[in-house]
Structures are given as C-alpha cells and as structure tokens.
Amino acid sequence: MFRAGEFTATHVTPTDTEQVQPNGVDLRIGDILIQQAPGRIGTDNKDIGVRESLTTSKDVFTLDPGGYIITYAERIAVPEGHVGFVYPRSSLLRNSCMLNTAVWDAGYEGRGEGLLQAHCSIELERGARIAQFVLAEAAHDSVYDGNYQRERIHDNE
Ligand SMILES: O=c1ccn([C@H]2C[C@H](O)[C@@H](COP(=O)(O)OP(=O)(O)OP(=O)(O)O)O2)c(=O)[nH]1
C-alpha cells in the first residue's frame, strides 16, 4: 500500500506545505550536474565518472537538449518496512523532458539524484518542484548499506 503524502513528508526534509501532495511529496531541484568523464560498471565494482555542477549566477538553468543529473534539495530517509519511488512532475513530460529514477531502498538516507532527459530546451530554476517522492510498504531482509548511504546529508555538500 502506498502511504499518504502527510506520512511521507515526515521522511523528507525540509518540506513546506506546498510540497505535500495527496499521495507523495514534491522534490525540488538542488543542483544540476553534467557528466564530464565516463564511469564504469563492472561485475563486482563501479565507478562514477566526474560530474560538474552547471554554474549559474541567477539560479536559473537554461538547458540544451541532452542528459543531466539532478540532485534533489531534500534529504530523504526511507523508513524500514518501506520502499521509495520517484516520479517526474507531469509538467516536465508535457515539456518533452523526462526524469529517470531507480529504487529507493529501505534504510537509505541522503540527498539522491535523478537523470533528466531534455528532448527540448528547457529553463529550470533551482528550488523548482520537479518530481514527486512516494513511499510504499514493502517487505525486506536487510537495509541499504551501499556507497551512496548518507550522500550529501549535510546542508553544504
Ligand atoms: O532514482 C534514484 C533511486 C535511488 N537513489 C538512491 C536511493 C537508493 O537506496 C540508493 C542506491 O540505489 P541503488 O541500490 O539502485 O544503487 P546501486 O547502483 O545498486 O548502488 P549500491 O551498490 O550502493 O546499491 O540511491 C537515488 O538517488 N535516485
């Protein structure tokens, strides 16, 4: 069963009332990164290639078509007994852009990332709501203890 937005909001920090939706919590753009060097995924290890922040003096990003990494502004803590999913805000896909996401494991805590595919140029403001996080009840044996645990957990990271 998916949890109500009010419950999910207790696991997303910070949130204001505008972000709390009936079935989830909107996530804001923290930063936008562009990949500079290739990564590698092997059978027993992985490397993330160098990514750099798109610098902007006005907190407005004007994106050409392409692929970009979005970091979310909020800290998420997936509670035990749950799994998280992120969906794009529909205004994004109505503008020919898509946010690709993966599974948010029970026990994960941090400020995560998504992959924005821009099929048309788009202007995005830092802090704009771009996605929605939902929590569903789920059975699991262990909790998340991978490389991304506590990523960007502090405000200045
Ligand atoms: O769209 C997503 C989905 C998940 N996560 C976070 C939460 C999740 O718990 C963590 C790790 O995701 P996953 O297990 O898919 O990554 P992995 O590449 O398998 O890394 P690891 O070996 O650490 O599990 O990343 C994101 O930031 N963005």
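Whatever order the structure lists them in is the order used to number ligands and atoms, beginning at 1.
The existence of a salt bridge linking E125 and K58 is excluded, since no basic side-chain nitrogen approaches an acidic carboxylate oxygen closer than 4.0 Å.
For Y144, the ring pair (Phe, Tyr, Trp, His ring centres under 6.0 Å) criterion is met by Y108, not counting sequence neighbours. The side chain to side chain donor-acceptor pair (under 3.5 Å) test applied to Y72 returns no partner, not counting sequence neighbours. With sequence neighbours excluded, the residues satisfying salt bridge (Lys or Arg N to Asp or Glu O under 4.0 Å) with E109 are R150.
E74 and Q19 form a side-chain donor-acceptor contact under 3.5 Å, judged by distance and modelled atom types alone.
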Determine, stepwise, if the pair N45 / R40 fulfils side chain to side chain contact (heavy atoms under 4.5 Å, CB included).
CA-CA 8 Å; N45 58 14; R40 182 176 191 279; 3.5 Å; yes

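Protein residues lining ligand 1, listed by chain and number: K46, T101, A102, V103, W104, D105, Y108, G112, E113, Y144, G146, N147, Y148, E151 [non-hydrogen atoms, distance under 4.0 Å].
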